[in-house]
Asks: 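The structure is given below, and queries will be raised subsequently.
Below, each value reflects all heavy atoms present in this structure, side chains not excepted, and no hydrogens, waters or symmetry copies.
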Amino acid sequence: MATTPSPGRKSAGAKLTTLGAMWPRMMALRSRVDHEVEQALQRQLHLGFSEFVALMSLADRPDGELRMQELADATSLNQSSATRLVGRLERTGLTDERRLCEYDRRGVYTGITDTGRVTLRKAVPVYEAALASAFDRVAADPDYRDLIAAVDPR
């Protein structure tokens with residue numbers, strides 16, 4: 001595997017593989033895109049990106065429900081953060097109150113409400129437009145052009 005110094009850094013004698021050098025760039029790219037998408041959702045709908053992902057994950061299920069651990073995994077949050085997230089969604093009426101699984105009392109479920117579905121339908125075009133705009137903006141940066149070309153299906 002080819003090795004290259006990490007972009008924008010002076011070599012300290014250790015060289016990263018192409019894969020090793022690419023990963024920090026991917027993380028920086030994700031951070032830039034996430035920030036723009038988060039701002040658009042927050043500005044237009046008072047909805048955070050994690051809240052959007054949670055609603056998408058719930059809506060994708062036939063019954064509109066997920067166990068809390070599944071929701072934590074879907075949103076890339078730890079259990080405590082997912083619990084706080086669902087608390088915010090409950091307070092705004094976007095999810096139902098959490099309930100215990102009738103078969104396994106350790107399992108806690110939450111589900112999307114009709115209000116949550118309406119909010120999600122409004123959020124999807126905002127998300128899509130912000131994502132496209134962020135990709136276009138980042139693609140203009142020569143440091144990220146190759147990464148955007150690799151992941152942008154447009």
Asks: Under the rule for salt bridge (Lys or Arg N to Asp or Glu O under 4.0 Å), what residues qualify as partners of Arg121, not counting sequence neighbours?
Replies: none

Asks: Atom CG in Leu77, atom CE in Met68: separation rounded to 0.5 Å?
Replies: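 Separation between the atoms: 9.5 Å.
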
Asks: Donor-acceptor pair, Arg25 side chain versus Asp143 backbone, under 3.5 Å?
Replies: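 It does hold such a pair.
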
Asks: Measure the CZ-CZ distance between Arg67 and Arg61 for me, rounded to the nearest 0.5 Å.
Replies: 11.0 Å

Asks: Determine yes or no for a side-chain-to-main-chain donor-acceptor pair under 3.5 angstrom, with Arg99 supplying the side chain and Tyr109 the backbone.
Replies: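 Side chain of Arg99 to backbone of Tyr109, a donor-acceptor pair under 3.5 Å: no, none is there.
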
Asks: Mind listing the closest non-hydrogen atom pair of Val108 and Leu100 along with its distance?
Replies: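 For Val108 and Leu100, the tightest heavy-atom pair comes out as CG2-CD2, 3.8 Å.
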
Asks: Show which side-chain atoms of residues 45-60 pair as donor or acceptor with protein atoms under 3.5 Å away, not counting sequence neighbours.
Replies:
unit_1: Glu51; atom_1: OE1; unit_2: Gly48; atom_2: N; d: 2.5
unit_1: Glu51; atom_1: OE2; unit_2: Arg88; atom_2: NE; d: 3.1
unit_1: Ser57; atom_1: OG; unit_2: Val53; atom_2: O; d: 2.8

Asks: Is it true that Met26 and Val33 fall in one hydrophobic cluster, defined by side-chain heavy atoms closer than 4.5 Å?
Replies: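 They do share one cluster, since a chain of ILVMFWY contacts under 4.5 Å joins Met26 to Val33.
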
Asks: Scan the side chains in residues 131-138 for donor-acceptor partners under 3.5 Å anywhere in the protein, sequence neighbours excluded, and list what turns up.
Replies:
unit_1: Ser133; atom_1: OG; unit_2: Arg137; atom_2: NH2; d: 3.1
unit_1: Asp136; atom_1: OD1; unit_2: Arg154; atom_2: NH1; d: 3.3
unit_1: Asp136; atom_1: OD1; unit_2: Arg154; atom_2: NH2; d: 2.8
unit_1: Arg137; atom_1: NE; unit_2: Glu36; atom_2: OE1; d: 3.2
unit_1: Arg137; atom_1: NE; unit_2: Glu36; atom_2: OE2; d: 3.1
unit_1: Arg137; atom_1: NH2; unit_2: Glu36; atom_2: OE1; d: 3.1

Asks: For residues Asp96 and Glu90, determine if any side-chain heavy atom of one lies less than 4.5 Å from a side-chain heavy atom of the other.
Replies: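 When only atoms from C-beta onward are counted, Glu90 and Asp96 do not touch, as no gap falls below 4.5 Å.
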
Asks: Within a reach of under 6.0 Å around CG of Asn78, are more than 12 heavy atoms found that belong to other residues, nucleotides or ligands?
Replies: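 Atom CG in Asn78 is packed in, count exceeds 12.
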
Asks: Which heavy-atom pair separates Ile148 from Leu29 by the least distance, and what is that distance?
Replies: CD1-CD1, 3.7 Å

Asks: Flag the pair His35 / Ser31 as yes when at least one side-chain heavy-atom distance between them is below 4.5 Å, and no otherwise.
Replies: no

Asks: Which pair of non-hydrogen atoms, one from Gly20 and one from Leu16, has the smallest distance, and what is that distance?
Replies: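 Residues Gly20 and Leu16, closest heavy atoms: O-CD1, 3.8 Å.
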
Asks: Can you confirm whether Leu94 sits close enough to Ile112 that some side-chain heavy atom of one is under 4.5 Å from a side-chain heavy atom of the other?
Replies: no

Asks: Quick check on Arg98: does its CZ atom have over 12 non-hydrogen neighbours (other residues, nucleotides or ligands) under 6.0 Å away?
Replies: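 Yes, CZ of Arg98 has more than 12 neighbouring heavy atoms, counting only those of other groups under 6.0 Å.
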
Asks: Side chains of Arg32 and Asp141, heavy atoms from C-beta outward: is any pair under 4.5 Å?
Replies: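 Yes, their side chains come closer than 4.5 Å.
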
Asks: What are the two closest non-hydrogen atoms of Leu147 and Met22, and how far apart are they?
Replies: CD2-CG, 3.9 Å

Asks: Over all heavy atoms of both residues, which pair between Val126 and Lys122 is shortest? Give the atoms and the distance, please.
Replies: CG2-O, 3.7 Å

Asks: Taking it one step at a time, do Glu65 and Thr110 satisfy side chain to side chain contact (heavy atoms under 4.5 Å, CB included)?
Replies: CA-CA 6 Å; Glu65 292 187 339; Thr110 191; over 6 Å; no

